[in-house]
Each structure stands twice: as structure tokens, then as C-alpha cells.
Number of protein chains: 2
Amino acid sequence: MDHVDKILAQWRAERPDLQLRPMGLLGRIKRLGSHLGQGMDRVFTAHGLNAASFDVLATLRRSGAPYALTPSQLMDWTMVTSGTMTNRLDRLEAKGLVKRVRSEQDARSVTVQLTEQGLALIEDCVTEHVANQHRLAGTLSEAEQVELDRLLSKWLAGFEPPED
Amino acid sequence: MDHVDKILAQWRAERPDLQLRPMGLLGRIKRLGSHLGQGMDRVFTAHGLNAASFDVLATLRRSGAPYALTPSQLMDWTMVTSGTMTNRLDRLEAKGLVKRVRSEQDARSVTVQLTEQGLALIEDCVTEHVANQHRLAGTLSEAEQVELDRLLSKWLAGFEPPED
DNA sequence: CCATTTTATCTTGAGATCAAGATATTTCGA
DNA sequence: TCGAAATATCTTGATCTCAAGATAAAATGG
């Protein structure tokens, strides 16, 4: 009898006509996402970051040396709008974690690059982040994690037609 | 090769030392939650609502007649802070969907109740919402949905010790 | 070669959220 | 009883996000 079960029990009493299985499933996804987000935030804040700024720094880091992408490329990877990305970059730049470099080939374009300090920070933070994710997933056995990932991948494929 | 797989492939190339299985799992949960949220939003906006206001109205509706709870009870169900709930209630009250009634027993306290208009709206919206959830879950077979729900429940139990 | 369209980024304005603190009321303990 | 602690709600200030539009540069095509 977890929180979602209590919600379903109320609906069952009030609206017995409703088909509630998907509601339980979606409710648990949302709630689990919330708990996992909070769990990951603890590592981010310990490094002076949040999920948004971590997301940008990590995207630059995993793109490989020289750890530089345009704002448009960052928007594609992180799925946020241009206004959001401008705001994120302004804050990261103010903290000295990234720098903007105007492109020489295209005067409209800018390259966002990790600074030395930004690289050192994300390197540490990612290592801890991955260990933290391992801990957060530890409730499930390895076999259960594999099976869960399989089902999630299948569901996700309905929203993101796999390429390649 | 979905979006999450691409991220994992980049990390594998850049940081082969990292243990990436949990990252895939957590990434898919987050991404699926985002797609499902967008899918559900379409029904909410069609009724002039958003996820936040739907959440409040639905909580009042499933609590049963007379469809009235205190702000504190609503905060417990919806897991938002007091400031957020005050803001949500202000907007719903301005739209005439709920009304605040001062308690007679406790002068600190307020009861938030669905108006006739609020009840009619949430009744329609919930019916459509459940049908929409059924559609959103339709990528998976019933057996897969049951198995997925089982794994999610187990994982969630690690964060929300089941009561009752 | 120039007008139009497209591309890349930034700006603006509004809404949602939270943490921290303010206010008013009730409860509790000496 | 009365002062302190707890409770219930609201306020404030900051951040994050998005949609829509502004700005500037590059590409296109007649």
C-alpha cells in the first residue's frame, strides 16, 4: 500500500467506471522520477551545481576534447528551448565554468567551451554522480535492472523512433 | 539506438571506467516521464488546466463528497510546498473552480472546496485523462504493463516504505 | 547581385516552484 | 494561567522554464 495505491483506492471508490491500471503505472513513473531527481540533486548541490547546470557541463564533457559545442547543439542534447539555454550559459559563464567564443567561420555562431575549472569540476562530479546512481538503483537486483531497462526501452521507442 | 544509448556511447568512449547501467535506467525513467508529461498536458490544456491545477482538482474530487480538503492535506497528497499550494489555490479560486472557506473550529485553518463549476470540469477532464493514459501506455502489452508496474513498485518501496 | 528565407542566438514577459521567514492561532507544560 | 512551542497558512525573493519575438548573419534563387 504505497502512495500510488492509496490514490488508486480513492478513485476505485469514487469512480468505479475508470480503467486504472495505466494510472498506476504513470503515477509510479512520475513519483520514482521525483525521488530519483531529489537523490541526484544531492550530489549536484554538493558541487555547487543543479540538475540544469550539471546537464550542460556533462554534455560538454562527454562530447570529448576540446569540450566545446554550440548553444544549438547543447539544446539538441538537453531538449530545452533557446531561452533556457541562454540563461543556463549566462550563469555557468558567470561562475567561470564555461566560456563563449565567437565563431570565426560564422559570425552568428558561438562555441561554448569548458574552462579548466569547469572541466575539473565536472570530472569530479560525474564520478560521484555515477556512484550515486548505482546506489539509487541498488534497490533492484542486476537482473531486475536489466528487465526494467528492457521494458522502458520498448516504451520509449514509441515516443522516440530509434535511429541508426 | 535511442537518445539514451547515444549518451551512453559517448560516455563509454570518454570514460570507460564508469559503470553505466544505472545511468541508462535513470535516463530512460526521466525521459519517459518527460514524454508522458507532455502527452498528458494535451488533455489538461484542452480543459484550460495544467498538470498543477489538474492535480489539485483531482485530489479534491477523489477525496469524495463534499470535495473539500485543507491546504495542508492537499500539500501532503501533491508533495508541493506551502508557497506553491497557496499560489495554485489563488489561481484556481480566481477561475472560480474552488473556494476557500474559513474553518469554524480552528481560526488558522481553511477548507478548500470544489465549486459546482470545478466539479463539472474535473469530472470531464478525469474521464478524458484516464482514456489518454490508456493510450499512452498502449505501446506495452497488458502483461508488460503488469511486469513493469511490479518492478517500479519494488523500486519505489525503497523510497516510500509501504504503510498499512 | 539583391531580396527573401533560413539559421543562430539572445531578449522579454509570464508562470511555476522553492526556501525562508512572517503572521496568527492553538496547544502544551510548568 | 501564562509563556513557549507547535501548527496552519501566506508572503517574499530568487531561480528556472517556456513561448514569442527581436536581432543579426548567412544561404538561396531568380
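Numbers restart at 1 for each chain; the letters A, B, ... are given by sequence-line order, proteins then strands. Only this structure's heavy atoms are used, side chains among them; waters, hydrogens and symmetry mates stay out.
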* To do: Tell me which of T70(B) and A107(A) sits closer to the 5' end of DNA chain D, going by the nucleotide each one is nearest to.
  => T70(B)
* Hey, which sits more toward the 5' end of DNA chain C by its nearest nucleotide, R108(A) or D90(A)? => R108(A)
* Structure fact -> DNA chain C: first to last nucleotide in contact with chain A (atom under 4.0 angstrom from a heavy atom), 5' to 3', is dT7(C) to dT11(C)
Which pairs, protein N/O on one side and nucleotides 15-17 of chain D N/O on the other, fall under 3.5 Å?
residue : atom : partner : partner atom : Å
dC16(D) : OP1  : N50(A)  : ND2          : 2.7
dC16(D) : OP2  : R91(A)  : NE           : 2.6
dT17(D) : OP1  : R88(A)  : NH2          : 3.0
dT17(D) : OP2  : R88(A)  : NE           : 3.0

* Can you tell me if N50(B) and S53(B) form a side-chain donor-acceptor pair at under 3.5 Å? -> yes
* To do: Determine, for R28(B) against D5(B), whether the closest basic-nitrogen to carboxylate-oxygen distance falls under 4.0 angstrom.
  => yes
* Residues forming a side-chain contact (heavy atoms from CB on, under 4.5 Å) with T59(A), sequence neighbours excluded -> D55(A), R62(A), L69(A), L74(A), W77(A), T78(A)
* Test: D2(B) and R31(B) ion pair at under 4.0 Å -> no
* Can you check the Q105(A) CD to dA26(D) P distance for me, whole Å? -> 11 Å
* H47(A) and F54(A): CA distance, side-chain angles, deciding distance, ring-ring contact (aromatic ring centres under 6.0 Å, His included) verdict -> CA-CA 9 Å; H47(A) 289 81; F54(A) 175 87; 8.9 Å; no
* Distance, rounded to the nearest Å, where R100(B) contributes CZ and dT9(D) contributes P -> 10 Å
* Asked: Any Lys/Arg nitrogen of E93(A) or K99(A) sitting under 4.0 Å from an Asp/Glu carboxylate oxygen of the other?
  -> no
* How about L57(B) and L114(B): do any of their side-chain heavy atoms sit closer than 4.5 Å? -> yes
* Salt bridge check: are D90(A) and R100(A) linked by an N-O gap of less than 4.0 Å? -> yes
